[in-house]
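Computation of the quantities below employed the complete heavy-atom set of this structure, encompassing side-chain atoms and omitting hydrogens, waters and symmetry-equivalent molecules.
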Amino acid sequence: MKLSPSPGEDATLIENLEHELRVKTIKMAYAMGETSAECDSGDPEPGPGATVKCTVTYMGAKVPWNVTIKGAGFLPGLVGYDAVPAMGVITREGAIRFYWGNNAFGRQVRCSDIPAVELVPLNQPTRYQCETRPNSKDSLEVTDSGPRFYPSPADGD
């Protein structure tokens, strides 16, 4: 599956923003998936200081984004913005791919029952874990740039 190409040169700021947020959501999920986006701005070209609420639907999960328009970017025709997701999205595929790619090195990997897609609080431990044999168990968190695993506290700590 491929993400649709960037909007054309005549696209509005909102159309470009919706595309960029779809890309950011896929990166957060660390897995390709069907996406759509909608921003609630009544103005297709909001100016500096404007705030826009957007929702990216990723494989049925609705990821809310808060966007602040900053103004002209560093190149002509570009507009800067800050976009912060209100929730994180995890995927079984993305979490396992990330864990395997960063920890496995030929070792046996087991993960808890990570759902296909789920919204979770951002930058907070989830109930999901992966472990490599022997003796390494790590807890899953989601950041705006993708899944991350951190050592779980030892039992009894």
Evaluation steps, side-chain contact (heavy atoms from CB on, under 4.5 Å), between Tyr58 and Val117
CA-CA 8 Å; Tyr58 173 88; Val117 177; 4.1 Å; yes
Pairwise side-chain contact, [X] with [Y], heavy-atom cut-off 4.5 Å (strictly under):
X	Y	answer
Pro85	Met28	yes
Val120	Leu140	no
Leu13	Ile69	yes
Thr25	Val89	yes

Could you pull out all residues at least two apart from [X] that satisfy side chain to side chain donor-acceptor pair (under 3.5 Å)?
X	value
Thr91	none
Glu38	none
Lys53	Asn66

Once you round to the nearest 0.5 Å, how far does [atom1] of [X] lie from [atom2] of [Y]?
X	Y	atom1	atom2	value
Ser36	Glu18	OG	CD	9.0 Å
Tyr99	Glu131	OH	CD	7.5 Å
Met59	Met32	CE	CE	10.5 Å
His19	Thr35	NE2	OG1	9.0 Å
Glu45	Ile14	CD	CD1	8.0 Å
Ser112	Lys137	OG	NZ	9.0 Å

Closest contact, heavy atoms only, [X] versus [Y]:
X	Y	answer
Gly33	Ile26	O-CD1, 4.1 Å
Thr143	Arg148	CG2-CG, 3.7 Å
Ile114	Cys130	CD1-SG, 4.2 Å
Gly94	Ala31	N-CB, 4.0 Å

Taking it one step at a time, do Val56 and Trp65 satisfy side-chain contact (heavy atoms from CB on, under 4.5 Å)? CA-CA 8 Å; Val56 174; Trp65 288 82; 3.8 Å; yes
Might you work through the side-chain contact (heavy atoms from CB on, under 4.5 Å) test for Val52 and Asp40, ending with a clear yes or no? CA-CA 6 Å; Val52 179; Asp40 71 358; 4.0 Å; yes
Residue pairs meeting salt bridge (charged side-chain N to carboxylate O under 4.0 Å, His left out), one or both in residues 85-94, sequence neighbours left out, come to Glu93-Arg97
Asp82 meets the salt bridge (Lys or Arg N to Asp or Glu O under 4.0 Å) criterion, sequence neighbours left out, with Lys70
Review point. Under the side chain to side chain donor-acceptor pair (under 3.5 Å) criterion, do Asp138 and Tyr150 qualify, and how do the steps go?
Key: CA-CA 5 Å; Asp138 299 307; Tyr150 299 97; over 6 Å; no
Next on the checklist: With clusters defined by side-chain heavy atoms of hydrophobic residues (ILVMFWY) lying less than 4.5 Å apart, directly or transitively, does Ile90 cluster with Val23?
Outcome noted: yes
Could you go through Met87 and Leu122, starting from their C-alpha distance and side-chain angles, then the distance that decides it, and tell me whether this counts as side-chain contact (heavy atoms from CB on, under 4.5 Å)? CA-CA 5 Å; Met87 294 290 287; Leu122 204 60; over 6 Å; no
For the residue pair Phe149 and Phe98, categorise the inter-ring angle as parallel (less than 30°), tilted (30 to 60°) or perpendicular (more than 60°). parallel
Using atom types as modelled and distance alone, determine if a side-chain donor or acceptor of Glu15 lies under 3.5 Å from a backbone N or O of Thr12. yes
Quick note, disulfide (SG to SG under 2.5 Å) partners involving residues 14-70, not counting sequence neighbours, are Cys39-Cys54
